[in-house]
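Right, one structure below, let's go through it.
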Amino acid sequence: MPSLASARYGKDNVRVYKVSKDASTGVQTVTEMTVCCLLEGAIETSYTTADNSVVVATDSIKNTIYIKAKEHPVNPPELYAAHLAQHFLDRYAHISAAHVKVVVHRWTRMTIDGAPHPHSFFRDGQETRNVEATAARGSGISIKSGIVGLTVLKSTGSAFHGFVRDEFTTLAETWDRILSTDVDAGWTWKPFADVAAVENGVERFDRAWEAARNITMKTFANDESASVQNTMYKMCEQILAAEEEIQFANYSLPNKHYFEIDLSWHKGLKNTGKDAEVYAPQSGPNGLIKCEVSR
Ligand SMILES: O=c1[nH]c(=O)c2[nH]c(=O)[nH]c2[nH]1
């Protein structure tokens with residue numbers, strides 16, 4: 001006989017905007033995020049016997065996302081996610097775990113006539129700051145932070161040679177190639193006992209995000225890359241070194257290929273090897289390289 005092996009439900013794609021206004025200076029600060037909140041617990045009967053008495057409506061979950069954004073700071077997103085997740089355990093005895101994902105979109109303050117503008121912002125890229133927090137009854141709060149969608153490219157300083165050559169291989173070795181990727185980086189914190197433990201030393205979250213962002217860009221730029229694998233491992237090592245409460249660091253990086261184009265058929269144009277200037281960016285297929293590094 002079938003039985004429910006696992007189940008969770010909630011609201012996804014809840015878009016939230018919060019402004020904070022400094023009345024004395026007139027400076028306003030904004031945060032825009034997209035939230036997903038899924039619940040687990042003694043909810044089996046809602047699936048198996050149409051028992052809605054155990055269902056906190058997803059509409060109520062959406063309302064709660066707004067109310068907790070009003071009641072608590074939304075920065076850092078780790079703290080907001082922890083407050084929101086813990087709420088469902090505190091409020092509903094039959095809920096055993098709440099999974100919250102927060103995606104923070106960029107609104108960067110404009111500089112106008114050389115000065116930071118008090119209330120105008122621009123979207124300077126598709127990069128997001130992401131947080132996943134799970135509050136589970138009896139196991140505290142687990143948090144994973146990350147950066148997604150930071151698109152980077154270096155026009156030299158990347159090689160790839162020495163790989164397996166056999167009857168399946170056509171790729172030429174290269175000592176100088178273009179390297180481009182959309183960074184998906186994550187770092188997993190040691191579990192927190194409760195929301196108070198998340199709040200205690202809360203600066204760690206912005207500090208780690210800034211460190212991870214700087215490490216990612218500096219290592220990408222400065223490393224004489226032997227491979228995506230080796231460069232991402234160096235990034236992970238540094239993230240672990242930057243913040244001692246981080247247990248794991250991980251990257252998932254597409255290798256966005258830029259192919260040389262042989263133009264010699266046209267008047268003998270030289271456009272390969274050291275003469276390569278015009279390339280064909282590829283939209284797919286792409287390599288996809290992942291790793292997670294622990295202490
Ligand atoms: O950095 C790389 N790693 C690979 O595993 C790989 N495979 C490939 O075709 N090109 C690359 N580049």
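Both ligands and their constituent atoms are indexed starting at 1 by order of listing.
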Could a heavy atom of His161 be found less than 4.0 Å from some atom of ligand 1?
-> no
Tell me the protein heavy atom at minimum distance from [atom], and give that distance in Å.
{"atom": "atom 12 (N) of ligand 1", "answer": "Arg177 NH1, 3.0 Å"}
{"atom": "atom 11 (C) of ligand 1", "answer": "Phe160 CE2, 3.3 Å"}
{"atom": "atom 9 (O) of ligand 1", "answer": "Leu171 CD2, 3.4 Å"}

Can you sort out which atoms of ligand 1 are near Gln229, meaning under 4.0 Å from one of its heavy atoms?
-> 1 (O), 2 (C), 3 (N), 4 (C), 5 (O)
Taking only heavy atoms of Val228, which atoms of ligand 1 are found under 4.0 Å from at least one of them?
-> 1 (O), 2 (C)
Short N or O distance, His257 and ligand 1, threshold 3.5 Å exclusive = no
With only distance considered, is Ser227 within less than 3.5 Å of ligand 1 through an N or O on each side?
-> no
Please identify each residue that fulfils side-chain contact (heavy atoms from CB on, under 4.5 Å) with His117, with sequence neighbours left out.
-> Met110, Ile112, His119, Ser120
Is the side chain of Arg137 donor-acceptor paired with the backbone N or O of Ile95 at a distance under 3.5 Å, no angle test?
-> yes
Among all residues two or more places apart in sequence or in another chain, which pass the ring pair (Phe, Tyr, Trp, His ring centres under 6.0 Å) test with Phe163?
-> Phe160
Only one of Arg129, Lys101, Lys144 clears salt bridge (Lys or Arg N to Asp or Glu O under 4.0 Å) with Glu78; which?
-> Arg129
Does a salt bridge link Arg204 with Glu243, judged by any charged N lying under 4.0 Å from a carboxylate O?
-> no
Assess whether atom CZ of Arg91 is packed by more than 12 heavy atoms of other residues, nucleotides or ligands within 6.0 Å.
-> no
